[in-house]
Amino acid sequence: MNRITFTRERIYFVFSIIIIAIWVAPYFILGEHAHMRIQDNLDSNIAWYKILVDSNQLFGSIQVNISQIINGELSRNALYSEYYGIVELFRFFPPVIAYGLNQAISRFFAFLGMYLLLKKYVVKGENQGFIRIISALTFALIPFWPNGMLSMLGMPLALWAFLNIRKHEQTIISIVTITLLPFYSTFMLGFFFFLSAIGVFWLVDVIRTKKPQWRLFFSIAYMTLIYLAIEYRQLASLIFSHEQTNRSEFFESKNNLTRTILLIFKNYIVGHNQNETLFGVIILPVSLIALVLVIIKKSWKNEKLFITLHLTNFLLSVWYAFWWYEGWEPLKQKFSILNTFNFSRYHYLRPMIVYILFAVSLQILWRYQKKWRITAIVFAILQIAVLIPSNEQVWYHNSPSFGEFYATKEFSDIKKFIGKPVQDYRVASIGLHPAIAQYNGLYTLDTYNNFYPLSYKHQFRKIIAPELEKNKALASYFDQWGGRCYLFVDELGKNYMFSKDSTKVIHHLRIDTQAFKQLGGNYILSGVPIENAKENQLDLQKVFQTKDAYWKIYLYKVT
């Protein structure tokens with residue numbers, strides 16, 4: 001019986017690997033025709049990798065800047081460490097292949113890590129292999145933020161390794177795991193929150209067992225030190241740089257109590273766009289049914305992990321929502337670290353917690369009665385069905401493909417028309433993301449970055465001040481955050497996706513053209529026509545359009 005059970009679990013395991021391979025196959029089959037996430041991906045990170053490689057500053061010193069962006073005022077330290085695995089993929093492979101490999105690596109280790117964690121520490125029953133496999137597979141298929149690599153998806157693997165070290169089991173492979181994970185994940189956007197949570201677990205464990213647990217303590221410190229070594233650029237910026245950045249003007253705690261409470265439940269049920277779990281449709285009902293069964297059987301004392309997961313999942317949403325509560329603002333103004341570092345991101349722990357909760361909930365149903373096993377299987381399969389539309393080829397099928405978005409042929413035509421070396425002129429974009437021009441090698445005054453000099457932000461603001469005066473929402477968006485240092489236009493709002501079939505026209509543009517010229521600006525690339533261009537000293541040079549590009553680009557020269 002045990003042999004049959006083991007064989008079935010192996011078959012489930014192999015079948016899951018095949019599903020993951022099918023999930024990521026379109027990137028390799030479709031190439032530049034593949035679709036992928038735009039926000040915090042095509043509009044930024046993908047272009048950054050190319051800029052880093054093309055700049056020859058991948059291994060540049062901590063003092064060097066990137067000349068292609070914002071007049072060379074963007075620090076090399078604002079972009080990713082050269083020791084990130086994803087950076088190396090983009091260094092050695094074409095962008096879409098590198099992106100596909102990142103998806104494959106991240107999803108495989110997400111599956112493996114969750115499976116190992118569940119098998120050894122959570123769902124240990126010999127006949128419950130299906131639960132372990134299906135929970136790990138669904139976790140591996142969530143619509144994660146790809147540029148975080150294993151920042152969230154690698155947490156189960158790290159937790160498995162730390163629990164092994166604590167128990168003095170599989171020590172070598174566990175140490176190798178926590179040594180290598182930092183090279184394929186980020187500290188600031190994931191593992192800071194995980195490691196600090198593990199630190200709390202260690203402290204509670206010490207108090208509870210009255211044993212120092214030095215192995216666990218030193219393993220946490222060891223992994224932290226590796227992260228700090230990899231992130232030496234950001235560390236240097238924090239310690240040695242005294243220049244104010246746009247982060248100095250982050251004022252995001254603006255929600256009143258009502259909006260905060262609504263945000264709790266929005267985050268709990270829907271999630272955040274960078275760590276979507278697709279929790280609300282199947283997993284939430286399953287976990288609540290399991291909770292009812294626990295209450296009926298009065299077995300909550302035997303289901304401490306289940307109850308803890310429920311509470312932690314909800315409390316993380318409470319923490320996230322209250323981080324943006326207006327009551328925090330006085331404290332954030334007093335202590336700058338509370339503005340410059342986003343402590344709300346403990347919610348990055350939620351994907352791991354939600355899918356462990358899913359596994360435990362299925363296990364409770366599985367053990368309740370034999371007929372409930374079919375219910376558990378149906379729920380598990382339904383969660384797969386819920387995840388299928390989140391595949392990027394499905395979810396973003398109405399958005400431009402990789403090739404359509406970056407429009408390399410169209411931009412090649414633009415550069416040929418201008419006829420000068422790209423380093424000899426500066427451009428900015430209206431109605432499309434600056435990352436597109438950057439990806440194509442143009443030198444831009446605008447950018448999307450969360451770490452650049454505050455002085456530049458103030459200089460750039462002079463250009464768009466007349467437009468910000470017309471739109472308080474845009475003014476607040478730029479002044480109180482400013483990560484998107486864009487040529488904002490009141491008539492366009494925060495829309496940067498105007499296709500070549502768009503009929504949108506800007507009728508009343510008002511920008512400070514002199515401020516644009518003083519900053520070094522020569523050309524504006526607009527995704528829509530500007531009716532009153534002459535009033536802004538803009539001369540339409542040519543309209544560019546190709547069949548393979550998403551955009552129709554109006555090239556204006558500043559006169």
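Since this is a predicted model, take the numbers as computed values, not measurements. Count residues from 1 along the sequence. Atoms considered below: every heavy atom in the structure, side chains included; atoms not considered: hydrogens, waters and symmetry mates.
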- Are Arg510 and Asn536 close enough, and set up right, to give a side-chain hydrogen bond (donor to acceptor under 3.5 Å, both in side chains), and what steps lead you there? CA-CA 7 Å; Arg510 284 181 59 223; Asn536 291 273; over 6 Å; no

Could you check if a side-chain atom of [X] sits within less than 4.5 angstrom of a side-chain atom of [Y], using non-hydrogen atoms only?
{"X": "Glu73", "Y": "Ile70", "answer": "yes"}
{"X": "Arg37", "Y": "Pro146", "answer": "yes"}
{"X": "Pro95", "Y": "Phe90", "answer": "yes"}
{"X": "Tyr232", "Y": "Leu228", "answer": "no"}
{"X": "Tyr348", "Y": "Ser151", "answer": "no"}
{"X": "Tyr268", "Y": "Arg350", "answer": "yes"}
{"X": "Trp48", "Y": "Leu74", "answer": "no"}
{"X": "Leu316", "Y": "Ile353", "answer": "yes"}

- Of His35, Glu32, Glu392, which meets side-chain hydrogen bond (donor to acceptor under 3.5 Å, both in side chains) against Tyr27?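 Among His35, Glu32, Glu392, the one that satisfies the side-chain hydrogen bond (donor to acceptor under 3.5 Å, both in side chains) with Tyr27 is Glu392.
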
- Message: Could you go through Tyr486 and Tyr477, starting from their C-alpha distance and side-chain angles, then the distance that decides it, and tell me whether this counts as side-chain contact (heavy atoms from CB on, under 4.5 Å)?
- Response: CA-CA 11 Å; Tyr486 283 21; Tyr477 185 66; over 6 Å; no

Just by distance, no angles: are the side chains of [X] and [Y] close enough, under 3.5 Å, to form a donor-acceptor pair?
{"X": "Asp539", "Y": "Gln541", "value": "yes"}
{"X": "Tyr99", "Y": "Asn41", "value": "yes"}
{"X": "Asn246", "Y": "Tyr456", "value": "no"}
{"X": "Gln438", "Y": "Thr444", "value": "yes"}

- Task: Not counting sequence neighbours, list each pair that qualifies as a ring pair (Phe, Tyr, Trp, His ring centres under 6.0 Å) and has a residue in residues 520-549.
- Result: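 Applying ring pair (Phe, Tyr, Trp, His ring centres under 6.0 Å) to every pair that reaches into residues 520-549, excluding sequence neighbours, yields Phe417-Phe544, Tyr425-Tyr523.
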
- Sort and list the pairs that fulfil ring pair (Phe, Tyr, Trp, His ring centres under 6.0 Å) and have at least one residue in residues 59-81, not counting sequence neighbours. Tyr49-Tyr80, Tyr80-Tyr84

- Among Tyr184, Phe183, Tyr227, ring-ring contact (aromatic ring centres under 6.0 Å, His included) partner for Phe191: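 It is Tyr227, the one option of Tyr184, Phe183, Tyr227 that forms the ring-ring contact (aromatic ring centres under 6.0 Å, His included) with Phe191.
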
- Does atom CH2 of Trp395 have more than 12 heavy-atom neighbours, drawn from other residues, nucleotides or ligands, at distances under 6.0 Å? no

Check: [X] ring centre within less than 6.0 Å of [Y] ring centre:
{"X": "His347", "Y": "Tyr320", "result": "yes"}
{"X": "Phe411", "Y": "Tyr439", "result": "no"}
{"X": "Trp319", "Y": "Phe343", "result": "no"}
{"X": "Phe402", "Y": "Phe405", "result": "no"}
{"X": "Phe187", "Y": "Phe192", "result": "yes"}

- Item | Nearest-0.5 Å distance that lies between atom NZ in Lys500 and atom NZ in Lys552 |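 The distance works out to 9.5 Å.
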
- Is the backbone of His433 close enough, under 3.5 Å, to the side chain of Asp43 for a donor and an acceptor to pair up by distance? no

- Query: Okay, side chain of Asn256, backbone of Arg259: is any donor-acceptor separation there less than 3.5 Å?
  - Reply: yes

- Query: Is Asp479 salt-bridged to Arg461, cutoff N-O under 4.0 Å?
  - Reply: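 Looking at Arg461 together with Asp479, the answer is yes, because their closest N to O distance falls below 4.0 Å.
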
- Is any NZ, NE, NH1 or NH2 atom of the basic residue among Asp54 and Lys50 found under 4.0 Å from an Asp or Glu carboxylate oxygen of the other? yes

- Task: Please work out which of the three classes, parallel, tilted or perpendicular, describes the rings of Tyr556 and Tyr554, given edges at 30° and 60°.
- Result: parallel

- Task: List the steps and the verdict of side-chain hydrogen bond (donor to acceptor under 3.5 Å, both in side chains) for His507 and Glu531.
- Result: CA-CA 5 Å; His507 298 283; Glu531 190 178 70; 3.0 Å; yes

- Message: Walk me through whether Asp40 and Asn147 qualify under side-chain hydrogen bond (donor to acceptor under 3.5 Å, both in side chains).
- Response: CA-CA 8 Å; Asp40 295 334; Asn147 300 290; over 6 Å; no

- How would you list, by chain and number, every residue that makes a salt bridge (Lys or Arg N to Asp or Glu O under 4.0 Å) with Arg76, sequence neighbours excluded? Glu82

- Arg345 and Met152: CA distance, side-chain angles, deciding distance, side-chain contact (heavy atoms from CB on, under 4.5 Å) verdict: CA-CA 11 Å; Arg345 286 176 173 153; Met152 286 172 275; over 6 Å; no

- Query: What do the steps show when you test Thr546 against Asp548 for side-chain hydrogen bond (donor to acceptor under 3.5 Å, both in side chains), and what is the final call?
  - Reply: CA-CA 6 Å; Thr546 61; Asp548 297 325; 5.9 Å; no

